[in-house]
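Before any comments, here is the structure.
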Amino acid sequence: MAASIHFRAGCEMRQYKWMTSTPPMHARLIDGKAIAQSLKLEVRGAIEALVAAGARRPGLAVVLVGNNPASEVYVRNKRRSCEEVGVVSVAHDLPASATEAELLALLRRLNYEPTIDGILVQLPLPPHISGRAVIEAVDPAKDVDGLHPYNLGRLAQREPLLRACTPYGVIKMLQHIGVAPSGMRAVVVGASSIVGRPMALELLLAGATTTVCHTRTRDLAAEVARAELLVVAAGKPQMVLGAWIRPESVVIDIGIHRTADNKLVGDVEFAAAAARAAWITPVPGGVGPMTIATLLSNTLEASVRRQGLKSAD
Ligand code: NAD
């Protein structure tokens, strides 16, 4: 009798521990930092080879309006990464009071500037400036963010030129870990013009059977549970619960948020999702570094095209 009580107490103790501690990690981590580093090394090698052959170094104009602290960090990282790979970055910092007309005038000048191959306008913009007008003002040949309607249209028509950085970064990440989306049941949570929609177009291009979820999706949990490949860009901290994740799926978390206790988290409940998935991206160190690496590779590509050189790949 005593033994059986002891045994039951042991079981309860184990069950209690299971309920209160982090579930065991099952998934393999997708190390975006390392993958981005190898992509940056490739870009650097290609740039050095082009420069050695007499080409001009690629030039990127990085435009920042105002002083949103997160944007300042992103822009600083982008400029530092340019230096790492040998892209010439030219800073254009405008005050928050800059008008839309002033920004558009700057973009017109940069469109005609021969040594500038790429123009990046850091988003979000202050509310008095139309993001749409700004995105459309960039010459599509210099649109290294891949957000101009011409470039998104090319992607929609399966003839991509400059591809949206974050979604293209996700595709490169999947290639790196040997996951081919072709034929997979893919679900994208989020339908914004800069992340969710181009992500869905990339997955469609890669041959996945692609579902896009948004705020009007009736049963998000059921859609997520069907996903063999799940990409989340909903902009809501830890909104996708681990219990929804299909066992052995691939989970890509694009979201990034700072919590009240100063931690970075994504849109997915990480620990519980990692206990079920086969592969998962961490936040930070997942998709974020890939976005910058893809920006650099887009800048190289734009430069190669503009200089009439042979493709660097
Ligand atoms: P957004 O707010 O413009 O769009 C969010 C999308 O998610 C919308 O389409 C909305 O319909 C959908 N959505 C929101 N709540 C939902 C819900 N409950 N159910 C289903 N769908 C829902 O955001 P965004 O610009 O697309 O960015 C998304 C996230 O990705 C943000 O956290 C952003 O910080 C992050 N982000 C990260 C990178 C990176 O490099 N890591 C780059 C860009 C954006």
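Atoms within each ligand, like the ligands themselves, are counted from 1 in listed order. The structure displayed is predicted, hence computed values, not measured ones.
Looking at atom 39 (C) of ligand 1, its nearest protein heavy atom turns out to be T291 OG1, 3.7 Å. Taking atom 12 (C) of ligand 1 as the reference point, the nearest protein heavy-atom neighbour is G190 CA, 3.8 Å. Closest to atom 11 (O) of ligand 1, if we only count protein heavy atoms, is T215 N, 3.2 Å. For atom 26 (O) of ligand 1, the closest heavy atom belonging to the protein is S192 OG, 2.5 Å. Residue, atom and distance of the protein heavy atom nearest to atom 8 (C) of ligand 1 are A191 N, 3.8 Å. In terms of protein heavy-atom proximity, atom 37 (C) of ligand 1 is nearest to I254 O, 3.1 Å. Looking at atom 17 (C) of ligand 1, its nearest protein heavy atom turns out to be M239 SD, 3.6 Å. With hydrogens left out, the protein atom closest to atom 20 (C) of ligand 1 is H214 O, 3.1 Å, a heavy atom.
Taking all atoms of both residues into account, the shortest heavy-atom contact from R276 to G242 is CD-O, 3.1 Å. Closest approach of H148 to D143, counting heavy atoms only: N-OD2, 2.8 Å. When all heavy atoms of P167 and E202 are compared, the pair lying nearest together is CB-CG, 4.0 Å. Pairing each heavy atom of L152 with each of S193, the nearest pair is CD1-O, 4.0 Å.
For ligand 1, the atoms sitting less than 4.0 Å from at least one non-hydrogen atom of H257 are 32 (O), numbered in the order shown with element in parentheses. Near I256, meaning under 4.0 Å from any of its heavy atoms, are these atoms of ligand 1: 32 (O), 34 (O). The distance from ligand 1 to the heavy atoms of V195 drops below 4.0 Å at these ligand atoms: 26 (O), 43 (C), 44 (C). Proximity to G288 (heavy-atom distance under 4.0 Å) selects the following atoms of ligand 1: 40 (O), 41 (N).
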For this session: Would you please test K263 and H257 for side chain to side chain contact (heavy atoms under 4.5 Å, CB included) and show each step?
Result: CA-CA 8 Å; K263 288 204 183 92; H257 313 271; over 6 Å; no
For this session: For side chain to side chain contact (heavy atoms under 4.5 Å, CB included), just list the numbers for R197 and V188, CA-CA rounded to whole Å, side-chain angles, deciding distance to a tenth of an Å, and then say yes or no.
Result: CA-CA 8 Å; R197 278 165 206 259; V188 180; over 6 Å; no
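Note: no N/O pair closer than 3.5 Å links I194 and ligand 1 by distance alone.
Ion pair R306/D117 flagged as a salt bridge, since at least one NZ, NE, NH1 or NH2 atom sits closer than 4.0 Å to an Asp/Glu carboxylate oxygen. One finds a salt bridge joining K40 and E84 here, because a Lys/Arg side-chain nitrogen approaches an Asp/Glu carboxylate oxygen to under 4.0 Å. The pair R76-D93 does not count as a salt bridge, with every side-chain nitrogen at least 4.0 angstrom from each carboxylate oxygen.
Comparing heavy-atom distances from atom 14 (C) of ligand 1 across S193, A234, P237 singles out A234 as nearest.
The presence of a protein heavy atom under 4.0 Å from atom 41 (N) of ligand 1 is confirmed.
Only the side chain of K236 comes within contact range of ligand 1, with a heavy atom under 4.0 Å; no backbone atom does.
Between the side chain of E228 and the backbone N or O of A186 there is no donor-acceptor pair closer than 3.5 Å.
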